[in-house]
Amino acid sequence: GDSVTQMEGPVTLSEEAFLTINCTYTATGYPSLFWYVQYPGEGLQLLLKATKADDKGSNKGFEATYRKETTSFHLEKGSVQVSDSAVYFCALSLTSGTYKYIFGTGTRLKVLA
Amino acid sequence: EPEVTQTPSHQVTQMGQEVILRCVPISNHLYFYWYRQILGQKVEFLVSFYNNEISEKSEIFDDQFSVERPDGSNFTLKIRSTKLEDSAMYFCASSEGLVDENIQYFGAGTRLSVL
C-alpha cells in the first residue's frame with residue numbers, strides 16, 4: 001500500500017549546520033508531496049510542497065525536490081537556526097480517488113546555539 | 001490568517017466514557033478530516049467529510065467513532081466508548097478540495113488521555 005518513510009529522530013545540530021531529513025515514499029499513481037512543520041503547542045503548518053516529478057518546493061530556506069526515480073523528497077536547509085527546532089512531517093496525497101494524506105512518523109529537530 | 005481551531009487542547013477521560021472533540025475549520029473550506037497520532041507512531045488518517053457525509057474512512061474508524069457537522073462552523077469527532085488504545089493526539093484539518101493542490105490546514109490538536 002501507499003506509505004511514507006522518514007528518518008528516525010531526534011536530530012540534534014548546532015546553529016548554522018546543514019540539515020537533511022530523509023523521506024521516501026511508496027505510492028500508486030502520481031502523488032503530491034508535502035513537508036509540514038509542528039512547533040511546540042501549535043498545529044501542523046505547511047512548509048513546502050511539490051506536485052510533480054522534478055518540482056522543487058522551497059520556503060524559509062528549506063528545500064525539497066520531488067525525485068520520482070528514487071521516490072524521495074528529502075528536506076534540506078543550508079544553515080539551521082535555533083528557531084527551526086520543531087517536528088517535521090513528510091506526507092503524500094494521492095491525486096485521484098482520495099484526498100487523505102499519508103504521513104511519515106515525523107522527525108524532531110533540535111538546534112543548539 | 002485563517003486557522004483551524006481545536007478544543008479542548010487536552011482531554012482526560014475514563015475508559016468507557018464518551019468524548020467529543022471539537023474543531024472549527026477554515027470558513028470557506030469544503031473538506032474536513034480527522035487524523036490521530038499515537039505517541040511515537042505515524043500520523044494516521046481517520047476520516048474525511050464532504051457535503052455533510054463521510055467521503056472516506058480508514059479501518060481505524062469503526063462503529064465507536066462518528067463525525068458530525070452540527071452547524072455551519074463546527075466539525076466534531078465523537079468516540080462513543082473510549083478504550084485505553086484511543087489515547088493519542090487527534091488532529092483536525094480542512095481543505096478547499098482542489099485536486100491539484102489539496103493543501104490541508106491543521107489545528108494544534110487535542111491530546112486525549114484515556115485512563
Side-chain angles (χ1 to χ4, degrees), chain A residues 1-10 21 23-27 29-53 55 57 59-60 64 66 86-108, chain B residues 1-10 23-26 29-51 54-61 67 88-111:
Chain A
D2 305 312
S3 66
V4 173
T5 302
Q6 261 182 264
M7 65 187 286
E8 294 285 329
I21 300 178
C23 172
T24 57
Y25 68 90
T26 302
Y30 303 97
S32 294
L33 301 173
F34 305 87
W35 277 100
Y36 278 79
V37 58
Q38 186 179 33
Y39 299 102
E42 299 183 19
L44 283 76
Q45 301 172 24
L46 178 66
L47 181 60
L48 53 83
K49 65 176 174 61
T51 56
K52 60 183 187 299
D55 268 2
N59 186 24
K60 300 181 183 180
Y66 189 142
V87 181
Y88 292 82
F89 293 91
C90 184
L92 69 81
S93 173
L94 300 173
T95 53
S96 63
T98 177
Y99 287 141
K100 70 182 180 188
Y101 277 13
I102 296 169
F103 281 92
T105 50
T107 303
R108 183 174 298 278
Chain B
E1 185 176 321
E3 61 180 19
V4 176
T5 306
Q6 287 186 247
T7 55
S9 56
H10 190 193
C23 170
V24 179
I26 294 173
H29 284 185
L30 302 177
Y31 285 80
F32 314 110
Y33 312 83
W34 284 101
Y35 294 82
R36 78 172 186 190
Q37 185 180 32
I38 295 171
L39 190 64
Q41 298 185 24
K42 293 188 176 190
V43 177
E44 302 171 289
F45 168 78
L46 292 178
V47 66
S48 59
F49 192 85
Y50 169 72
N51 200 25
I54 291 173
S55 50
E56 185 177 0
K57 61 183 180 179
S58 72
E59 58 192 28
I60 302 168
F61 194 88
V67 288
M89 180 73 89
Y90 288 80
F91 293 106
C92 174
S94 68
S95 72
E96 292 180 294
L98 300 175
V99 173
D100 290 346
E101 293 269 309
N102 189 25
I103 295 172
Q104 295 185 16
Y105 295 82
F106 287 80
T110 293
R111 180 169 299 285

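So you know, we letter chains A, B, ... as the sequences are listed, proteins then strands, and number each from 1. Hydrogens, waters and symmetry mates play no part in the numbers below; they use all other heavy atoms, side chains included. Please read these numbers as outputs of a predicted model, since none were measured by experiment.
- Panel note: side chain Tyr101(A), backbone Asn102(B); a donor-acceptor pair is recorded below 3.5 Å.
- Only the side chain of Tyr35(B) comes within contact range of chain A, with at least one heavy atom under 4.5 Å from a heavy atom of that chain.
- Other residues, nucleotides and ligands place more than 12 heavy atoms under 6.0 Å from the CD atom of Glu42(A).
- If you tally non-hydrogen atom pairs under 4.5 Å between each of Gly104(A), Gly106(A), Ala91(A) and chain B, the highest count goes to Gly104(A).
- At a 4.5 Å heavy-atom cutoff, the contact between Gln37(B) and chain A is made by side-chain atoms alone.
- Across all their heavy atoms, Gln38(A) and Ala108(B) have their closest contact at NE2-O, 4.3 Å.
- Inter-residue side-chain proximity for Glu56(B) and Tyr99(A) is flagged as unmet; no heavy-atom pair is nearer than 4.5 Å.
- Taking CG of Leu46(A) as the reference point, atom OH of Tyr105(B) lies at 7.0 Å (rounded to 0.5 Å).
- Of the atoms belonging to Gln6(A), not a single heavy atom falls under 4.5 Å from chain B.
- Residue Lys42(B) comes nearest to Val4(A) through the heavy atom pair NZ-O, 2.7 Å, listed as atom of the first residue, atom of the second, then distance.
- Nearest heavy atoms, Ile103(B) versus Lys49(A): CD1-CE, 3.5 Å.
- Contact annotation for Tyr36(A): only side-chain heavy atoms (C-beta onward) come within less than 4.5 Å of a heavy atom of chain B.
- Rounding to the nearest 0.5 angstrom, the gap separating the NZ atom in Lys100(A) from the CD atom in Glu44(B) is 11.0 Å.
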